[in-house]
Amino acid sequence: MEYEPVIGLEVHAQLLTDAKIFCGCSTKFGAAPNTHTCPVCLGMPGVLPVLNKKVVEFMMKMALATNCRINRECNFARKNYFYPDLPKGYQISQYASPPAEHGWIEVELNGWKKRIGITRIHMEEDAGKLLHDEINPASYVDLNRTGVPLIEIVSEPDIRSAEEATAYLRRLHEILVYLEICDGNMEEGSFRCDANISLRPAGTEAFGTRTELKNMNSFRNVQRALEYEIKRQQYVLEGGGQVIQETRLWDDTAGVTHSMRSKEDAHDYRYFPDPDLVPVVIVAAWIDAVQKTLPELPLEKRERFVRAYQIPVYDAGVLTASRALADYYEEVVRLSGQPKIASNWVMGDVLRFLNEDKRDIRECPIAPASLAEMIRLIREGTISGKMAKEVSEEMYRTGKTPEAIIKEKGLVQITDEGALTKTIAEVIGKNSEQLAQYRGGKEKVFGFFVGQVMKATRGKANPQLINDLLKKMLAGDK
Ligand code: ADP
Ligand code: MG
Ligand code: ZN
């Protein structure tokens with residue numbers, strides 16, 4: 001029997017606010033353990049949480065960017081469970097009345113576009129972090145992360161393959177980073193994903209029993225975990241068994257998922273409205289104001305690049321991978337007026353240099369103006385394409401302008417017809433045998449002459465000019 005995977009993803013994104021969600025403590029990553037804490041985020045008795053307005057604003061940005069409907073009123077709820085990283089014994093989350101619902105985003109896979117529904121987006125606080133020392137067996141708790149704001153983005157079970165799941169995740173990630181509300185760092189846990197997956201016989205409607213996968217800290221691991229889980233569930237079902245509803249942990253090293261615990265149901269958490277927090281009312285004027293702050297999103301930018309600059313879809317995809325890269329490219333285009341040539345240089349040398357050094361475009365030593373200037377110098381014939389390669393490397397290494405580098409290295413292309421004519425005459429004079437061959441109809445010898453002239457000018461002559469002059473002179477009408 002053929003089985004079809006049904007997948008729904010829950011994504012937790014840490015928001016880039018300066019302060020935590022219900023107190024004034026810093027959210028900065030990497031501080032000494034338990035230094036970013038106060039009575040509120042430590043869960044002391046008698047304290048009261050106060051909602052950080054920025055968190056609501058960031059949630060609204062994501063909701064609007066993913067076509068969600070924003071509800072006029074929402075509430076916070078207590079999700080009760082015991083764990084040492086949760087000092088209050090409950091997490092403040094949202095349950096019965098989420099702030100945003102019924103959204104969707106579009107993903108592209110092998111040239112096909114598909115809409116994936118977003119069930120809801122809600123706000124909640126993060127828990128602390130446990131550190132386990134395996135050498136001197138002991139566990140430590142760091143509560144710096146307690147109360148760091150999160151949004152949870154829950155997808156509809158619309159995803160049908162591991163590949164589609166990663167395409168969806170990449171798109172969500174890209175939107176969050178474009179909005180500048182999340183740094184997207186998966187290793188530090190700023191962007192985390194739980195994957196729910198079940199199988200059903202192909203062509204049927206009803207969903208099968210699902211498992212929930214946790215502990216994947218890269219896009220690749222999400223894909224691998226889902227691929228593994230599809231095979232595992234298929235094996236269980238084909239053997240006449242039943243999939244058990246449970247939470248499974250991905251083991252990166254072994255490349256398998258292990259059962260962690262049976263899946264808890266909502267009623268296990270004893271959700272109830274948090275009596276310490278008043279309902280959040282979002283008025284239409286606020287939604288409009290936030291809407292106005294939204295930047296152009298990756299997909300729109302991609303489509304505009306293709307339309308406005310007439311560059312291939314592939315180029316547009318690469319160039320809009322981040323807002324900073326897209327801005328860099330657009331600046332080069334504005335200054336050079338050469339969209340496709342600019343794209344070739346940015347995707348070619350610039351990104352290659354940066355990748356080799358694991359650097360971001362914002363740290364690129366080549367200023368957009370310098371790259372544009374170099375493009376102009378090539379077009380005007382001042383330098384050849386080959387020289388340009390040398391110039392771009394030097395620009396990257398030193399941050400100097402192309403003009404300065406060309407002067408320093410004496411890289412000016414010979415475009416003076418008189419000087420070149422003289423050199424060509426000398427070359428022809430020295431190679432009378434080849435000249436005879438050429439005139440006898442052996443056209444391949446032309447390349448030999450080009451090579452000789454290049455050599456005599458040490459690569460500095462304009463190739464087009466060499467070609468034109470050589471053709472004329474070899475033919476003998478000079
Ligand atoms: P929880 O995991 O907290 O119980 P939900 O009931 O909201 O949360 O479901 C979480 C995710 O599981 C959603 O993304 C949803 O699309 C997905 N999901 C629900 N049922 C199934 C199923 N049978 N197979 C695969 N995914 C499912
Ligand atoms: Mg879940
Ligand atoms: Zn605090």
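Excluded from the calculations below are hydrogen atoms, water molecules and symmetry mates; all remaining heavy atoms, backbone and side chain alike, are included. This structure is a prediction, so every number in the text was calculated from the model and none was measured.
Annotation for D327: atom CG counts as buried by contact number, over 12 foreign heavy atoms lying within 6.0 Å. No more than 12 heavy atoms of other residues, nucleotides or ligands shown are found within 6.0 angstrom of NZ on K53. For CD of E73, the number of neighbouring non-hydrogen atoms (other residues, nucleotides, ligands) closer than 6.0 Å is greater than 12. More than 12 heavy atoms of other residues, nucleotides or ligands sit less than 6.0 Å from atom CZ of F207. Counting heavy-atom neighbours within 6.0 Å of Q242 CD, excluding the residue itself, gives a total of 12 or less. In this structure, R72 places its CZ atom where only 12 or fewer heavy-atom neighbours from other residues, nucleotides or ligands lie under 6.0 Å away.
With salt bridges taken as basic N to acidic carboxylate O contacts below 4.0 Å, none links D126 and K20. Between R145 and D85 there is no salt bridge, since none of the side-chain N atoms of the basic residue sits less than 4.0 Å from a carboxylate O of the acidic one. Using a 4.0 Å cut-off between charged nitrogen and carboxylate oxygen, R323 and E180 count as a salt-bridge pair. Using a 4.0 Å cut-off between charged nitrogen and carboxylate oxygen, E356 and R352 count as a salt-bridge pair. The pair E108-R302 does not count as a salt bridge, with every side-chain nitrogen at least 4.0 angstrom from each carboxylate oxygen. For the pair K113 and E303, the salt-bridge criterion is met [side-chain N within less than 4.0 Å of a carboxylate O].
A side-chain donor-acceptor contact under 3.5 Å links N221 and R224. Side chains of R248 and Y228: no donor on one and acceptor on the other come within 3.5 Å. No hydrogens or angles considered: a donor-acceptor pair under 3.5 Å links the side chains of R210 and N196. Side-chain polar atoms of Y178 and E296 form no donor-acceptor pair below 3.5 angstrom. Residues T211 and E229 have side chains that bring a donor and an acceptor to within less than 3.5 angstrom of each other.
No side-chain donor-acceptor contact under 3.5 Å links N144 to the backbone of F29. The backbone N or O of L9 lies less than 3.5 Å from a partner atom in the side chain of S155, making a donor-acceptor pair. Judged by distance alone, with hydrogens and angles left aside, the side-chain atoms of R200 form a donor-acceptor pair with the main-chain N or O of E205 at under 3.5 Å. Listed for the Q91 side chain is a donor-acceptor partner under 3.5 Å among the backbone atoms of E125. Put simply, the side chain of D142 never gets that close to the backbone of P33: no donor and acceptor are under 3.5 Å apart. A donor-acceptor distance shorter than 3.5 angstrom exists from the side chain of T320 to the backbone of A316, with no hydrogens or angles considered. Under a 3.5 Å cut-off, the side chain of N34 and the backbone N or O of V141 do form a donor-acceptor pair. A donor-acceptor pair under 3.5 Å is formed between the side chain of Q94 and the backbone N or O of N75.
When all heavy atoms of Q233 and I197 are compared, the pair lying nearest together is NE2-O, 3.1 Å. Residues T146 and C41 approach most closely at CG2-O, 3.1 Å, considering heavy atoms. Pairing each heavy atom of I21 with each of E124, the nearest pair is CD1-O, 3.9 Å. Scanning both residues, P5 and I230, for their nearest heavy atoms gives CG-CD1, 3.8 Å. Contact between I282 and I70 at its shortest, heavy atoms only, is CD1-CG2, 4.0 Å. Looking at every heavy atom in both residues, S190 comes nearest to G184 through CB-N, 4.2 Å.
Residues Y83 and L130 form a side-chain contact, since some pair of their non-hydrogen atoms from C-beta on lies under 4.5 Å apart. The shortest distance between side-chain heavy atoms of F22 and L51 falls below 4.5 Å. Between I378 and Q338, every side-chain heavy-atom pair lies at or beyond the 4.5 Å cut-off. Between C364 and F353 there is no side-chain heavy-atom pair separated by less than 4.5 Å. The shortest distance between side-chain heavy atoms of S97 and N71 does not fall below 4.5 Å. Between F272 and Y90 the shortest side-chain heavy-atom distance does not fall below 4.5 Å. Side-chain contact between Y309 and E330 is present, with heavy atoms from C-beta onward closer than 4.5 Å. L325 places a side-chain heavy atom less than 4.5 Å from the side chain of L351.
In this structure, CG on D194 lies 8.5 Å from CG on L213, to the nearest 0.5 angstrom. Taken to the nearest 0.5 Å, the NE2 atom of H173 stands 7.5 Å off from the CG atom of N185. Separating the OG atom in S322 from the NZ atom in K301 is a distance of 9.5 Å, to the nearest 0.5 Å. Taking CD from E212 and CE from M260, the interatomic distance works out to 8.0 Å, rounded to the nearest 0.5 Å. To the nearest 0.5 angstrom, M1 atom CE is 11.0 Å from L199 atom CG. Distance CZ/R192 to CE/M186: 11.0 Å, rounded to 0.5 Å.
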Open item on the list: Please determine whether side chain to side chain contact (heavy atoms under 4.5 Å, CB included) holds for the pair V222 and W250, giving the CA-CA distance in whole Å, both sets of side-chain angles, and the decisive distance to 0.1 Å.
Closed with: CA-CA 9 Å; V222 173; W250 168 247; over 6 Å; no
Task: Test log, rule side chain to side chain contact (heavy atoms under 4.5 Å, CB included), inputs I181 and T17 - done: CA-CA 8 Å; I181 59 173; T17 55; over 6 Å; no
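Among pairs with a residue in residues 159-172, those fulfilling side chain to side chain donor-acceptor pair (under 3.5 Å) read K114-E164, T166-Q223, R171-E174, at least two apart in sequence or across chains.
Between F305 and Y329, the ring planes lie tilted relative to each other; the angle falls in the 30° to 60° range.
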